[in-house]
Amino acid sequence: MGQRFYDTATGAIRDFTPIVDGEVSIYYCGATVQGKPHVGHIRSAVVFDILTRWLEYAGYRVTLVRNVTDIDDKILTRSAESFDPEFTPTDDYPASEPWWALAYRFENAFAAAYAALGVRRPTYEPRATGHIPEMIQLIQRLIDAGHAYQALDGSADVYFDVKSWPAYGALTHQSADNMQDAEDAPTRGKKDPRDFTLWKSTQESDPAGASWQAPWGAGRPGWHIECSAMATKYLGRHFDIHGGGLDLRFPHHENELAQSSAAGDRFANFWMHNGLVTAQGEKMSKSVGNTVSPEEMLSMARAGAVRYFLGQAHYRSQLDYHPAALEEAQSALERIEMFQARAAALSSTPVGLDTVPEQFSRAMEDDLNVPEALAVLHATVRAGNSALDAGDSEAVMTYLSQVNTMVEVLGLNSAAEGDDTGSAAHRALEALVDAQIAARAQARQRRDWATADAIRDQLAAAGVVVEDAADGVTWSITEPKA
RNA sequence: GGUGGGGUGGCCGAAUGGUGAGGCAGCGGCCUGCAAAGCCGCGUACGCGGGUUCGAUUCCCGUCCCCACCUCCA
């Protein structure tokens with residue numbers, strides 16, 4: 001069939017052909033680091049992580065760039081507030097924190113969340129503040145081309161001239177004339193309320209470190225320009241895929257497209273947008289007050305389960321969170337892991353990676369149909385379990401290597417699990433549990449079921465699950481079920 | 001007002017003009033001292049009203065409802 005992706009700009013699923021044979025260049029929007037990560041950020045990262053892993057498995061060399069926007073109004077405002085004598089510090093926002101310290105602190109929080117969920121590092125992660133010259137250059141090209149202008153009020157503000165660009169609205173299929181004017185759209189110095197800021201002149205209240213010299217005066221970049229500048233710097237003026245959350249389509253991506261194409265760049269070949277995370281059908285957002293943070297999710301379930309949950313729906317569908325969702329994801333994941341563990345125990349050498357089943361590939365090629373791919377994974381697990389029960393080790397090994405490969409492509413084995421099996425505490429636990437299991441084995445030999453069951457119940461109450469398999473007794477630690 | 005996406009069995013969530021994924025939960029069976037895990041089987045879903053068709057959940061028309069975006073947003 002060949003690889004196909006849905007492209008927001010054309011509104012259709014199209015055959016994917018890389019610009020350079022065998023290579024794929026991807027840019028997707030990371031965070032504006034003004035606060036802690038939201039699950040939506042993480043879902044987006046998981047989606048593009050799966051995309052990258054799949055393309056690499058399929059033999060492409062992938063260059064993945066994800067931005068860190070570390071300068072914007074909110075970052076400066078948050079920082080300024082922290083210096084206010086009346087400011088009440090919180091865990092998330094300490095007092096007297098410079099804007100760059102605040103931005104970097106949250107950048108680290110994002111990195112930690114990505115790592116915890118097995119999101120691999122991109123090829124490069126450029127920061128906006130490190131690319132001011134590139135942005136100034138791009139703005140100058142737009143002014144020279146007649147698609148941007150210095151503010152009419154004489155300030156150093158520079159705006160993109162929406163009316164000068166008839167294709168404006170192409171990405172989201174809207175005509176600029178039909179757009180609702182924002183009630184609070186600042187119009188100072190603008191020719192048209194829809195014109196958006198490329199360069200924002202330095203205000204008196206701005207900290208000195210947040211100001212850069214430009215031909216039209218001191219200032220700092222507007223919100224959208226950094227992505228245009230950084231995407232083309234690292235991926236070229238024409239690259240394969242630009243991604244991000246659905247809510248970035250407008251205005252962020254629309255503006256990026258307008259800027260870059262008005263400057264003469266071809267920009268992205270495909271625009272891929274992931275669906276939003278909802279709770280009871282409504283977008284999770286701070287204003288609605290229905291958010292569940294990645295931190296909270298990680299405290300409720302294993303990292304692998306959170307990763308499974310965030311990745312299980314089709315990337316373009318909205319993903320609905322409900323209280324039992326993580327527990328369900330964990331059960332599904334454990335089913336896979338249980339097979340891997342049982343099957344691996346049959347072989348004295350580690351079982352490597354193989355190829356994925358044909359149907360799995362077909363699903364992934366079809367606009368990254370992960371739900372379908374997961375169905376193939378589960379079918380393979382079932383076939384593997386049957387082979388295990390039938391004692392067909394050769395078949396078991398084939399299924400195991402396929403499962404291992406699919407798990408790797410989906411990144412389900414990569415989430416941090418806080419492995420402490422080597423710790424002193426774990427060794428102590430092991431000795432105690434083993435002693436109990438030995439006592440239970442003696443009781444079972446005497447056919448003293450009451451004693452055997454009492455020992456098992458006692459361990460279970462402590463979170464240690466004992467299971468009798470044909471080839472011996474195993475135990476594992478689980479989260480107590482609520 | 002404009003643009004886009006939806007309404008699928010108890011829950012989540014795919015595909016599809018005809019033999020109706022998958023997971024979770026549930027029920028029955030096998031296995032087990034009992035469990036657990038695993039395997040087998042079961043439940044017969046597609047917002048509503050029309051139309052096209054031999055046949056529609058899938059296509060068309062109408063209608064109701066939900067969600068997202070329209071310069072903070074993953």
Side-chain angles (χ1 to χ4, degrees), chain A residues 8 11 28-32 34 37-48 72-74 162 169 172-186 193-197 222-224 243-252 254-255 273-278 281-287 308-309 312-314 316-322 324-325 327-336 338-339 341-342 359 363 366 369-379 381-382 384-386 388-390 444 447-450 452-453 456-457 460 465-470 474:
Chain A
T8 305
Y28 80 91
C29 286
T32 298
Q34 39 119 342
H38 172 114
V39 269
H41 293 106
I42 305 304
R43 180 193 186 185
S44 191
V46 166
V47 163
F48 289 99
D72 93 317
D73 286 355
K74 281 194 175 168
V162 167
T172 53
H173 317 106
Q174 306 179 82
S175 124
D177 296 333
N178 281 329
M179 288 177 193
Q180 236 171 33
D181 284 351
E183 285 170 24
D184 59 343
R194 292 166 301 213
D195 292 349
F196 56 91
T197 310
W223 174 38
H224 317 291
L246 199 57
D247 51 357
L248 289 181
R249 273 180 318 171
F250 194 95
H252 186 55
E254 189 72 76
N255 288 174
H273 291 101
N274 62 272
L276 307 180
V277 181
T278 59
E282 260 192 301
K283 174 179 172 177
M284 270 196 193
S285 71
K286 277 186 184 160
S287 49
Y308 188 100
F309 166 69
Q312 69 181 342
H314 183 95
R316 284 195 283 126
S317 301
Q318 70 175 34
L319 175 65
D320 201 52
Y321 173 81
H322 58 100
E327 205 175 300
E328 288 172 13
Q330 185 153 318
S331 298
L333 178 65
E334 278 169 2
R335 182 180 158 74
I336 297 164
M338 193 74 73
F339 166 69
R342 286 212 298 159
Q359 275 182 292
D366 184 14
N369 192 336
V370 171
E372 185 81 37
L374 278 172
V376 176
L377 173 54
H378 277 106
V381 166
R382 189 177 317 108
N385 277 322
S386 293
L388 221 34
D389 288 351
R444 290 181 76 206
R447 305 186 73 80
D448 178 1
W449 309 126
D453 291 352
R456 185 170 64 193
D457 291 348
V465 176
V466 175
E467 294 175 23
D468 304 319
T474 62

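Because the structure is a prediction, the values reported are computed rather than measured. Here is the naming used below: chain letters follow the sequence lines, and residue numbers restart at 1 for every chain.
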Original post:
When the P atoms of B:C64 and B:C72 are considered, how many whole Å apart are they?
Top reply: 32 Å
Original post:
According to a strict under-4.0 Å criterion, is A:R335 in side-chain N/O contact with OP1 or OP2 of B:C39?
Top reply: yes
Original post:
If we take the P atom in both B:C61 and B:G10, what is their distance in whole Å?
Top reply: 30 Å
**OP:** Could you tell me how the ring of A:F309 sits relative to the ring of A:Y321: parallel (under 30°), tilted (30 to 60°) or perpendicular (over 60°)?
**Re:** perpendicular
**OP:** Give the rounded distance in Å between these two atoms: NZ of A:K283 and C1' of B:A74.
**Re:** 9 Å
**OP:** Taking atom C1' in both B:G13 and B:A45, compute the distance separating them and give it to the nearest angstrom.
**Re:** 13 Å
Original post:
Any side-chain heavy-atom pair from A:N385 and A:R342 closer than 4.5 angstrom?
Top reply: yes
Subject >> B:C65 to B:G49 separation - C1' atoms, rounded to the nearest Å >> reply: 15 Å
**OP:** Using the P atom on both, measure B:U53 against B:C70 and round to a whole Å.
**Re:** 45 Å
**OP:** For B:A14, take OP1 and OP2 only and decide whether either is under 4.0 Å from a side-chain N or O of A:S317.
**Re:** yes
Subject >> B:A74 phosphate, OP1 or OP2, under 4.0 Å from A:N274 side-chain N/O >> reply: no
Subject >> Pair assignment for B:G28, Watson-Crick or G-U wobble, requiring both distances under 3.5 Å >> reply: B:C40
**OP:** Provide, to the nearest angstrom, the distance between the NE2 atom belonging to A:H378 and the C1' atom belonging to B:C24.
**Re:** 10 Å
Original post:
Is A:R382 near enough to B:G23 that one of its side-chain N or O atoms lies under 4.0 angstrom from OP1 or OP2?
Top reply: yes
